[in-house]
Amino acid sequence: MADHTQFQVPLPTRHSFGIEIEFLVAWLRPNEKDPYESEAQDLPPILRIKPVGMEGMRLLANRIRKILTDNGIPVVDVTPEASSVQPVPIKPEEALPARLKGKDKWELDWDNSISEKVLKDYRYRGVELKSPAYWSTDEAFEEIKYVVNVLKANVRCRVNPTCGFHVHVGNGRHYFPTTTLRRLGTLLWAADPTLSRLHAPYRSVLEWCPSIRHRSRLACLGATAMGTEDFYEVWMEDYDPLRIPEFSDTSNEEREYGGKERWEEYVRWRKEEGPFMTLNDYIETVPVEDSNDDDTGDDDSAQNEAPEGSGNSISGSSPHLETMDEARRRWDRRFEEYRRRNIPPDMDTLHRNIGWVRWDQINNKKLIEVLHYYCRKLHGHTDLTILTNEQQVDLMIRSQSYILHGHSRREDLEGNKLLGVLKACALFVEAARSSWKWDPNHGRYLYWAQVGNLLEHPKPVHNATTDVPGVVHRMENLAQLTELEGDHTADGIEYVSQQDYEEAIQTNAGLEEMLNSLKDYVPAPDPQFREALVTPVGEPEGNSTTGTGSEPSSTSAYIAAAREAMLEDIEDGSPENVTPPERKFRPHQFTANEYPADYRNQINRYKYIRDDLWERIGWIPSLSHPSDDPSMAEYNNEMKLLKITTTTIGGLCEISACQTGLAVGHLLGGATGRANYNFNGYGEQSLEEDQDADWNSTNPRTIEFREAGGTLDPDWMETWVRICLGLVGFARDALERPFYDLLFTLFEQEERDFRIKELQEKGGDLTDEELVLLSEYEENRVDVLDILFDMGLYREAVWILFKEEYSGPPM
């Protein structure tokens with residue numbers, strides 16, 4: 001075989017991002033009683049504010065800021081003392097643009113669009129917490145998790161349908177190239193009905209985050225790429241619309257970096273520092289398996305798959321780059337393995353956790369040499385960090401045994417010898433799930449920089465598990481002893497008399513005394529009583545630390561309250577007639593009548609949504625399957641009827657025809673307000689302000705993802721942010737063929753959905769051929785998980801599957 005050489009290719013830099021967390025903070029006046037006083041030991045402390053009006057709100061905000069700063073979290077200081085400090089003079093070339101000032105700290109502010117209109121247990125105040133501007137690194141996500149955990153551990157907070165979770169994705173301090181904007185616009189336009197499945201259905205028709213398929217200028221005002229160019233022809237004489245430059249034209253870069261010399265200096269630095277990826281000039285085709293081997297269907301052989309964590313390196317005499325089909329098959333197998341595992345949804349459990357070795361704490365040269373020796377002997381390498389949890393702990397025990405007793409035989413360790421080895425290992429083994437240690441003396445989390453992001457975060461509440469069904473059952477038995485119908489003399493129990501009962505219920509103290517007197521007579525619950533219990537119903541928000549939430553079930557599937565109400569409306573709603581959920585995630589496509597009234601009413605109590613807008617959820621226009629817009633009563637600020645007319649193909653063609661960033665921003669900008677994917681930073685007003693104000697411009701130059709509902713779940717936050725970053729990265733980096741294949745796949749599924757809807761509307765009049773066709777359509781469905789897999793977001797897809805399995809769909 002001829003010699004082959006390796007070569008390096010440059011990789012794109014990371015994208016930047018920031019988040020906005022909207023939530024409600026519970027507080028009380030000093031003289032007001034805590035409504036959950038009996039649960040206070042398991043809840044964060046309640047904030048109590050004495051001043052009224054704006055002074056009280058300022059004090060409340062400062063309390064929260066102090067909680068964050070006391071835990072080492074940098075927060076923007078808005079006190080009058082801070083604003084009066086004169087900045088230190090610096091050189092003009094070292095100054096930050098106005099849009100980046102203060103973006104290295106967290107920023108807390110009130111949000112009047114957030115309110116609590118239903119619960120009356122506390123006083124509530126809507127809060128928006130903005131993160132610093134991050135690069136997309138694991139450390140950034142660790143910091144976000146830490147901040148959310150600190151917040152939930154020290155403040156009673158919750159979310160409701162008025163809250164949102166917004167993600168800004170940027171290109172550092174620079175504009176996105178117009179080619180990236182154009183591709184991202186086409187991807188989001190085609191994928192919007194599919195991606196909306198990750199969020200509650202009502203979010204796509206709310207006034208502050210409507211779908212770009214409904215409320216963008218392209219969707220409902222008939223805006224076109226050519227018309228935009230003509231309309232802004234005069235404007236473009238004075239301002240740069242972000243045209244697509246010639247390949248060799250570096251004028252935009254020179255302007256961004258402050259001149260040709262600084263741009264060339266940056267290019268030289270990138271050539272030296274990277275990032276790079278090493279490739280081989282020879283890519284072998286996929287090897288054919290030996291037909292004589294056992295037909296196990298497992299092609300995860302060692303020679304075909306590099307060890308996990310090995311990155312892009314290629315080793316061996318026959319270098320092989322994994323194809324997309326191979327990767328898909330491998331992840332499909334792992335996907336099924338994960339599905340078969342009985343992993344409890346409660347992250348407080350220590351299930352399958354025996355500790356992690358803190359390798360970076362080891363400074364004993366002898367111990368390091370022994371560890372490397374046994375790692376090479378047992379595993380064939382010296383990379384300690386890629387070992388499994390059990391392998392790491394085993395390696396540490398063997399090594400400490402050798403140092404203390406001259407051998408590594410674990411079976412020979414007994415008594416004091418074993419105790420001595422375990423004590424030596426304990427210095428470096430962390431048997432917890434969190435990178436953040438709770439300090440009970442100071443009531444806060446401490447950051448362990450040495451552990452980094454290896455471990456997961458638990459919820460920042462007490463880990464004691466309450467036997468809720470057992471408690472309820474005992475309370476029911478106790479309540480039966482207070483029933484006064486007839487004479488109760490059986491079993492030697494002293495039942496309360498009518499007179500005693502009437503006197504006891506007059507005061508809380510009397511009621512408590514009566515119940516305590518009966519407590520000894522309460523029978524223990526039947527051990528089999530749980531079999532008769534119904535599946536617990538979860539709370540839609542599920543992220544409350546205010547005392548109103550319920551614990552998740554670790555053994556039962558989730559039944560959303562909306563689905564339970566929906567079953568009541570079905571004539572024959574018995575469980576055996578309900579089709580069990582499948583893995584495929586169908587898009588939101590409902591009418592007002594198909595949504596249970598209780599669910600619609602609950603959402604409407606927070607934010608009213610007209611019935612015709614409920615019917616619009618999941619609806620998009622189509623030339624091949626024409627249908628009327630369910631909602632024809634919407635107008636923009638100029639009182640023009642917003643009639644949705646642009647189809648999927650029509651929108652893709654218009655966005656692809658854009659030759660400037662201005663055109664993309666104009667077409668996808670909101671006809672009223674901001675759409676769920678906010679491109680307003682590239683509209684005419686933002687670009688004009690950017691170029692007029694120059695360094696003083698506040699335009700962040702980001703794309704904002706607005707559709708996600710409010711959450712205080714740091715794992716979902718990370719997953720959704722990574723999906724947003726993945727969408728932008730795929731639009732920028734994907735080759736032409738896979739990129740347009742994905743667009744075509746989305747369009748094909750859209751056409752199948754139209755056909756499925758037509759067949760379903762026929763009801764019982766389907767022929768045998770149509771029934772087979774309907775089955776094939778469903779069997780070949782491409783859902784949001786498939787799209788995430790196609791973009792390489794495997795971990796995010798698996799996490800979403802687990803979330804829906806144990807928490808139910810977003811409602």
Side-chain angles (χ1 to χ4, degrees), residues 186-199 201 204-205 211-214 216 218-220 563 566 570 577-595 612-632 643-656 738-791 797 804 809-810:
T186 58
L187 177 61
L188 295 177
W189 179 267
D192 177 62
T194 303
L195 291 174
S196 288
R197 179 56 178 78
L198 299 177
H199 311 295
S204 66
V205 293
S211 167
I212 57 172
R213 302 298 300 271
H214 294 167
S216 64
L218 174 60
C220 60
R563 177 167 176 76
M566 191 184 301
I570 300 175
N577 290 333
V578 178
T579 304
E582 301 176 5
R583 174 197 163 196
K584 293 297 184 182
F585 291 1
R586 292 169 180 80
H588 297 309
Q589 286 185 341
F590 300 107
T591 65
N593 293 330
E594 289 175 314
Y595 271 117
D612 58 326
L613 286 180
W614 281 104
E615 293 185 3
R616 184 187 268 182
I617 295 174
W619 179 87
I620 50 177
S622 170
L623 289 176
S624 56
H625 305 273
S627 61
D628 294 332
D629 182 353
S631 175
M632 293 297 293
K643 183 178 181 181
I644 302 173
T645 57
T646 307
T647 63
T648 301
I649 291 297
L652 293 176
C653 292
E654 289 297 338
I655 300 170
S656 299
F739 181 79
Y740 287 104
D741 279 351
L742 180 60
L743 296 185
F744 184 71
T745 298
L746 290 164
F747 175 71
E748 277 190 322
Q749 181 55 52
E750 182 181 298
E751 290 296 303
R752 282 197 293 269
D753 282 332
F754 280 120
R755 183 61 176 144
I756 289 172
K757 188 174 182 180
E758 288 179 350
L759 293 174
Q760 290 174 338
E761 288 175 350
K762 292 181 65 175
D765 298 331
L766 296 180
T767 65
D768 291 342
E769 292 180 357
E770 288 174 330
L771 288 172
V772 171
L773 190 61
L774 184 61
S775 176
E776 289 178 353
Y777 283 158
E778 290 293 352
E779 185 178 347
N780 297 324
R781 172 175 294 281
V782 177
D783 65 359
V784 66
L785 296 185
D786 297 314
I787 299 305
L788 296 179
F789 266 80
D790 286 345
M791 293 192 298
E804 293 228 355

Would you please test I644 and I620 for side chain to side chain contact (heavy atoms under 4.5 Å, CB included) and show each step? CA-CA 8 Å; I644 302 173; I620 50 177; over 6 Å; no
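- Listed here is the closest heavy atom pair of P201 and P810: CD-O, 3.5 Å.
- Residue pairs that meet the salt bridge (Lys or Arg N to Asp or Glu O under 4.0 Å) test with at least one member in residues 646-656, sequence neighbours left out, do not exist here.
- With values rounded to the nearest 0.5 angstrom, S211 atom OG is found 10.5 Å from L195 atom CG.
- Considering CZ of R755 and CD of E770, their distance stands at 6.0 Å, rounded to 0.5 Å.
- Among residues two or more places apart in sequence or in another chain, the side chain to side chain contact (heavy atoms under 4.5 Å, CB included) test is passed with T646 by W189, L218.
- Rounding to the nearest 0.5 Å gives a distance of 11.0 Å between CG of L198 and CD1 of I787.
- Taking both residues in full, the closest heavy atoms of P193 and A190 are given as CD-O, 3.7 Å, listed atom of the first, atom of the second, then distance.
- Residues that satisfy the side-chain hydrogen bond (donor to acceptor under 3.5 Å, both in side chains) test with T194, not counting sequence neighbours, are absent from this structure.
- For S631, the side-chain hydrogen bond (donor to acceptor under 3.5 Å, both in side chains) test picks out R610, D612, with sequence neighbours left out.
- Remark: S775 engages no residue in a side chain to side chain contact (heavy atoms under 4.5 Å, CB included) (not counting sequence neighbours).
- The salt bridge (Lys or Arg N to Asp or Glu O under 4.0 Å) search around E776 returns none, not counting sequence neighbours.
- Applying the side-chain hydrogen bond (donor to acceptor under 3.5 Å, both in side chains) rule to S627 yields the partners W619; only residues at least two apart in sequence or on another chain are considered.
- Shown here for D192 and R213, the closest heavy-atom pair between the two residues is OD2-CG, 3.5 Å.
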Derivation and outcome, side chain to side chain contact (heavy atoms under 4.5 Å, CB included), residues D783 and R197: CA-CA 9 Å; D783 65 359; R197 179 56 178 78; over 6 Å; no
Under 3.5 Å, sequence neighbours excluded: what are the donor-acceptor pairs made by side chains of residues 743-751?
residue : atom : partner : partner atom : Å
T745    : OG1  : D741    : O            : 2.9
Q749    : OE1  : R752    : NE           : 3.2
Q749    : OE1  : R752    : NH2          : 2.8
Q749    : OE1  : V782    : N            : 2.9
Q749    : NE2  : D753    : OD1          : 3.1
E750    : OE1  : T648    : OG1          : 2.7
E750    : OE2  : T648    : OG1          : 2.5
E751    : OE1  : S624    : OG           : 2.7
E751    : OE2  : S624    : OG           : 3.4

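- Going from atom CG of D628 over to atom CD of E615 covers 11.5 Å, rounded to the nearest 0.5 Å.
- Listed by chain and residue number, I756, L759, L766 satisfy the side chain to side chain contact (heavy atoms under 4.5 Å, CB included) test with L774 (two or more places apart in sequence, or in another chain).
- For the pair D629 and K643, the salt-bridge criterion is not met [side-chain N within less than 4.0 Å of a carboxylate O].
- Rounded to the nearest 0.5 angstrom, K757 NZ and Y777 OH are separated by 16.0 Å.
- Rounding to the nearest 0.5 Å places OG of S216 at 11.5 Å from CG of L188.
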